[in-house]
Visitor: 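One structure follows; several queries about it will come next.
Reckoned from all heavy atoms, side chains included, excluding hydrogens, waters and symmetry mates.
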Amino acid sequence: MTASPRRRAQPGERRAEILTAARGVFAERGYRGASLAAVAERVGLTQQGVLHYFPSKDALLIEVLRQRDQDKSTVPHEPAGLHDVERLVAFNATQPGIVQSFTVLSAESVTDNHPAKPFFVERYRGVRARIAEAIRDELGDELPAGLTAEGAASLLIAVMDGLQVQWLLSPDELDMAPLVGQFVALLRGPSR
């Protein structure tokens with residue numbers, strides 16, 4: 001019995017396959033340790049085949065990051081309020097590969113001339129502003145210990161990112177969503 005020939009992927013399908021493979025390679029090796037050849041091998045293409053869809057490794061990286069934020073199966077929505085934060089963190093816990101690639105790339109982007117640095121600078125700036133607005137809408141301007149909404153937003157993001165690292169290292173030892181919920185309860189204070 002002979003094997004049937006593999007169906008030729010449509011350009012959109014092939015592009016999606018490349019992005020999925022790249023996300024995995026970036027998660028495992030970081031940007032600097034990843035190669036187009038490794039991505040190509042995962043999808044059964046040559047390096048030149050990947051370059052047909054993405055003109056450079058930098059362009060591929062930026063598209064992986066954009067896709068992560070736009071794909072509703074990986075990020076159902078940005079939190080509209082503090083009540084959504086715990087739900088978003090619980091959802092992220094079902095996406096370990098995406099969390100790993102995002103964590104690796106965001107940490108690596110702080111190095112000199114990293115192509116993802118502008119993406120993460122803008123992303124964190126926007127997330128901080130949206131969370132600060134949600135905090136201000138729900139809790140007002142008087143937070144525990146004189147904390148500002150902007151400071152609380154930065155701390156909440158730091159808690160979420162830090163928990164993701166700990167969870168990736170030891171997933172059976174902590175449950176991120178309840179811990180984030182407890183931190184939000186601290187922000188609300190005893191009277192809320």
Visitor: For A177 versus E86, what's the shortest heavy-atom pair and its separation?
Guide: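 Residues A177 and E86, closest heavy atoms: O-CG, 3.1 Å.
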Visitor: According to ring-ring contact (aromatic ring centres under 6.0 Å, His included), does anything in residues 118-143 pair up with another residue at least two apart or in another chain? List the pairs.
Guide: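 Those involving residues 118-143 are F102-F120.
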Visitor: What's the separation between atom CG in D84 and atom CZ in F91, rounded to the nearest 0.5 Å?
Guide: 13.5 Å
Visitor: Hey, could you give me the CG/CZ distance between L61 and R23, rounded to the nearest 0.5 Å?
Guide: 13.0 Å
Visitor: Check side-chain contact (heavy atoms from CB on, under 4.5 Å) between V99 and all other residues, then give those that pass, not counting sequence neighbours.
Guide: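 Checked V99 against side-chain contact (heavy atoms from CB on, under 4.5 Å); matches are N92, T103, Q164, W167, L168.
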Visitor: Start with the C-alpha gap between L139 and L82, add the side-chain angles, then the distance that decides, and say whether side chain to side chain contact (heavy atoms under 4.5 Å, CB included) holds.
Guide: CA-CA 10 Å; L139 305 177; L82 290 178; 3.8 Å; yes
Visitor: Quick one: list whatever passes side-chain contact (heavy atoms from CB on, under 4.5 Å) with A59, sequence neighbours left out.
Guide: P55, S56
Visitor: Go through the structure and list residues passing side chain to side chain donor-acceptor pair (under 3.5 Å) with D141, not counting sequence neighbours.
Guide: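 Scan of D141 (side chain to side chain donor-acceptor pair (under 3.5 Å), adjacent residues dropped) gives R136.
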Visitor: Please report the closest heavy-atom contact between I135 and A153, naming both atoms and the distance.
Guide: CD1-N, 3.7 Å
Visitor: Run L147 and L155 through side chain to side chain contact (heavy atoms under 4.5 Å, CB included) and show every step you take.
Guide: CA-CA 10 Å; L147 193 60; L155 288 172; 3.9 Å; yes
Visitor: Share the residues that join V121 in a hydrophobic cluster, the rule being Ile, Leu, Val, Met, Phe, Trp or Tyr side chains under 4.5 Å apart at the heavy-atom level.
Guide: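 Same cluster as V121: nobody, lone residue.
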Visitor: Establish whether L186 and L174 are linked, either directly or via other cluster members, by ILVMFWY side-chain heavy-atom contacts under 4.5 Å.
Guide: yes
Visitor: Measure across T148 and G151 and return the closest heavy-atom pair with its distance rounded to 0.1 Å.
Guide: OG1-N, 2.9 Å
Visitor: Please assess R130 against E133 for the test salt bridge (charged side-chain N to carboxylate O under 4.0 Å, His left out), listing each intermediate value before the final yes or no.
Guide: CA-CA 5 Å; R130 286 189 298 280; E133 182 179 330; over 6 Å; no
Visitor: Only distances under 3.5 Å count here; give the side-chain donor-acceptor pairs of residues 32-52 to other protein atoms, sequence neighbours excluded, each with its distance to 0.1 Å.
Guide:
| unit_1 | atom_1 | unit_2 | atom_2 | d |
| --- | --- | --- | --- | --- |
| R32 | NH1 | T111 | OG1 | 2.7 |
| R32 | NH2 | D112 | O | 2.9 |
| S35 | OG | A38 | N | 3.0 |
| R42 | NH1 | E28 | OE2 | 3.4 |
| R42 | NH2 | E28 | OE1 | 2.4 |
| R42 | NH2 | E28 | OE2 | 2.9 |
| T46 | OG1 | Q48 | N | 3.4 |
| T46 | OG1 | G49 | N | 3.0 |

Visitor: Return the minimal non-hydrogen interatomic distance between A22 and V64, and the atom names on each side.
Guide: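 Minimum heavy-atom separation between A22 and V64: CB-CG2, 3.8 Å.
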Visitor: Going by side-chain hydrogen bond (donor to acceptor under 3.5 Å, both in side chains), name the pairs with one or both residues in residues 170-187, residues two or more places apart or in two chains.
Guide: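 Residue pairs with at least one partner in residues 170-187: there are none.
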Visitor: Can you name the nearest heavy-atom pair linking A116 to L65, along with the distance?
Guide: CB-CD1, 3.6 Å
Visitor: Write down the atom of G30, the atom of V104, and the distance for their closest heavy-atom approach.
Guide: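 Of all heavy-atom pairs spanning G30 and V104, the closest is CA-CG1, 3.5 Å.
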Visitor: Can you list the residues that meet the side-chain contact (heavy atoms from CB on, under 4.5 Å) rule with E122, with sequence neighbours excluded?
Guide: R125
Visitor: Excluding sequence neighbours, so at least two apart, what forms salt bridge (charged side-chain N to carboxylate O under 4.0 Å, His left out) with R15?
Guide: E63
Visitor: How many angstroms lie between atom CD of Q67 and atom OG1 of T20, to the nearest 0.5 angstrom?
Guide: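 The OG1 atom of T20 is 6.0 Å from CD of Q67, to the nearest 0.5 Å.
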Visitor: What distance do Y31 atom OH and D58 atom CG have between them, rounded to the nearest 0.5 Å?
Guide: 3.5 Å
Visitor: For E108, check side chain to side chain donor-acceptor pair (under 3.5 Å) against everything at least two apart and list the hits.
Guide: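 Applying side chain to side chain donor-acceptor pair (under 3.5 Å) to E108 gives H114.
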Visitor: About how many Å separate CE of M176 and CG of L179, when rounded to the nearest 0.5 Å?
Guide: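 Nearest 0.5 Å value for the CG-CE distance: 9.5 Å.
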